[in-house]
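Single-structure report; data block below.
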2 protein chains.
Amino acid sequence: MENLLDKKQSIIESALELVHANGFHGCPVSQVAKNASVAAGTIYTYFENKEDLIVGIYDYAAEKITSYMSERDDASLDFETRFFNYWHNFTEFYEQHPAIHGFYDQFLNSPFNSEEVQNKPNRWHEWAHRFFQSGMDEGAIRETNPVVLSILVNTNINSTVKIKKNFKTKLAKKNVNLEEISHLIWAGIKNAEPKNLF
Amino acid sequence: MENLLDKKQSIIESALELVHANGFHGCPVSQVAKNASVAAGTIYTYFENKEDLIVGIYDYAAEKITSYMSERDDASLDFETRFFNYWHNFTEFYEQHPAIHGFYDQFLNSPFNSEEVQNKPNRWHEWAHRFFQSGMDEGAIRETNPVVLSILVNTNINSTVKIKKNFKTKLAKKNVNLEEISHLIWAGIKNAEPKNLF
DNA sequence: ATTGACTGAATGAACGTTCAATCATAATGA
DNA sequence: TCATTATGATTGAACGTTCATTCAGTCAAT
């Protein structure tokens, strides 16, 4: 372990792994410590308490998502392409980081996602809002609050990935293709002609 | 308490209340018992263990949703109207039964939602599939697997209600209107050129 | 007298957190 | 250079609490 930041990160990653393996309920501090090759008490050098650790994971996850998505976005492309890239990249990110996906999904409905946490500035939310705003600015999608749009799109990506994972057997049995959902959503938000949809 | 069924139900409702008030983590058997005016041990007359109780709540909730939705659906109306009624009714149901909403949302991502539970016949899922199938049969919405459609729609209703609740402050601040989402989804799934006018 | 639901104190496992003790490293002084 | 001290991270056993579950005994209804 080179320095303190590395150790903090390894504690966070250890906790993430445990959430992935055993769910939110299955990440006792004792296990987090063992996974991170650290004593239980050490965790309290880096985090005030378990809640602080959980919020630490949230910030870490949001940061990872922001990097991944912003690196892969190309603002010079037309917005429809960017939208499907966004969908594809976010799906890919979640599937490559199932621990972050599982954690994020559970965190948002948990008491840890307090008013205080919600009101903290969040680089990822801000990036996503700017993304959809730019789609409106170039007239590719309808005038809609970008907060609504990012909630709509992110919710659907999140749940599509979740459903793929949770209902794997059932979906295979019924030959369901969830790729369709991105097209349904795009059809819903794109600027159609004539635009008298409401 | 008139009979055994009443007592079983009152245990389930007590557990639901606790999930609503304190989240999934905050419904210890001792509290469930106290809320239901029953001794802790009594719960084990009706349920094998806590997991069995949780799955019992799930079945109870699905049953409530099925009744509510099927009673309010009118198959003689055109499908667009039925769709917006569906959206409205389900939203209303969740808002009137926040405990069921909160429980359902958490249950689906929990280890309790096992393969075994998923493969059990589920009246609510079957009803929803038939609902969307009938929309396709009359050409109002595109040919899409009804499983995909109900996942898409139910996910969005669920998360819209959730976001309304969780992000109340933030949404009010930014003057966000989430009603739009139902129209976005409808625009996405409806059949652009209705095929059978006769 | 028999049955079966019901009770609630008791049990033991699991958890978050603490803290006295230990250790590695850096700073100091001769 | 080397011995001593100071600093602060690290340890893990121990603590107090909470939880699901059990079961010997009670009670109500037949």
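Predicted, not measured: the structure shown is a model, and the values here were computed from it. A note on names: the letters A, B, ... follow the listed sequences, proteins ahead of strands, and every chain is numbered from 1.
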Inset, instruction - Starting at atom CZ of B:F47, determine the distance to atom P of C:dC6, rounded to an integer number of angstrom. - result: 12 Å

Inset, instruction - Tell me whether the OP1 or OP2 atom of D:dT10 has a side-chain N or O from A:K7 closer than 4.0 Å. - result: yes

Inset, instruction - Using a cut-off of strictly less than 4.0 Å, decide whether B:Y46 has a side-chain nitrogen or oxygen near OP1 or OP2 of C:dA5. - result: no

Legend entry - Atom-to-atom span, CD1 of A:I11 to C1' of D:dA9 - whole angstrom: 12 Å

Please write out each protein N/O paired with an N/O of nucleotides 26-30 of chain D under 3.5 Å, distance rounded to 0.1 Å.
none

Legend entry - Any donor-acceptor N or O pair under 3.5 Å, side chains B:D73, B:N85: no

Inset, instruction - Provide, to the nearest angstrom, the distance between the CD atom belonging to A:Q31 and the C1' atom belonging to C:dA13. - result: 14 Å

Legend entry - Interatomic distance, B:I43 CD1 vs C:dA5 P [rounded to whole Å]: 16 Å

Inset, instruction - Determine whether A:F83 and A:K190 make a side-chain contact, defined as any pair of heavy atoms from C-beta on separated by less than 4.5 Å. - result: no

Legend entry - Output field: ring centroids A:Y86/A:F132 closer than 6.0 Å: yes

Legend entry - Residue pair A:Q118 / A:N113: nearest heavy atoms and the distance that separates them: NE2-O, 3.3 Å

Pairs: protein N or O with nucleotides 21-25 of chain D N or O, under 3.5 Å:
from: D:dT21; atom 1: OP2; to: B:Y44; atom 2: OH; distance (Å): 2.7
from: D:dT21; atom 1: OP2; to: B:K50; atom 2: N; distance (Å): 2.9
from: D:dT21; atom 1: O5'; to: B:Y44; atom 2: OH; distance (Å): 3.4

Inset, instruction - For B:N122 and B:Y58, test the side chains for any donor-to-acceptor distance below 3.5 angstrom and give the result as yes or no. - result: yes

Inset, instruction - Please report the shortest heavy-atom distance between A:R82 and A:L77, naming the atom on each side. - result: CD-O, 3.6 Å

Inset, instruction - Round to the nearest Å and state the distance from B:D6 atom CG to C:dA5 atom P. - result: 16 Å

Inset, instruction - Indicate whether any N or O donor in one side chain lies under 3.5 Å from an N or O acceptor in the other, for A:D137 and A:S134. - result: no

Legend entry - Residue B:V38, side-chain atoms from C-beta onward, closest of C:dT7, D:dT11, D:dT10: C:dT7

Inset, instruction - Could you tell me whether A:F112 and A:F103 have their ring centroids closer than 6.0 angstrom? - result: no

Legend entry - Value in whole Å for how far the P atom of D:dC19 lies from CD1 of B:I54: 14 Å

Legend entry - Whole angstrom value for the distance that separates P of D:dT10 from NZ of A:K8: 13 Å

Inset, instruction - Would you check if A:T155 and B:I163 make a side-chain contact, meaning some heavy-atom pair closer than 4.5 Å? - result: yes

Legend entry - Atom pair distance, as rounded to whole Å: CZ in A:F112 and P in C:dG16: 9 Å

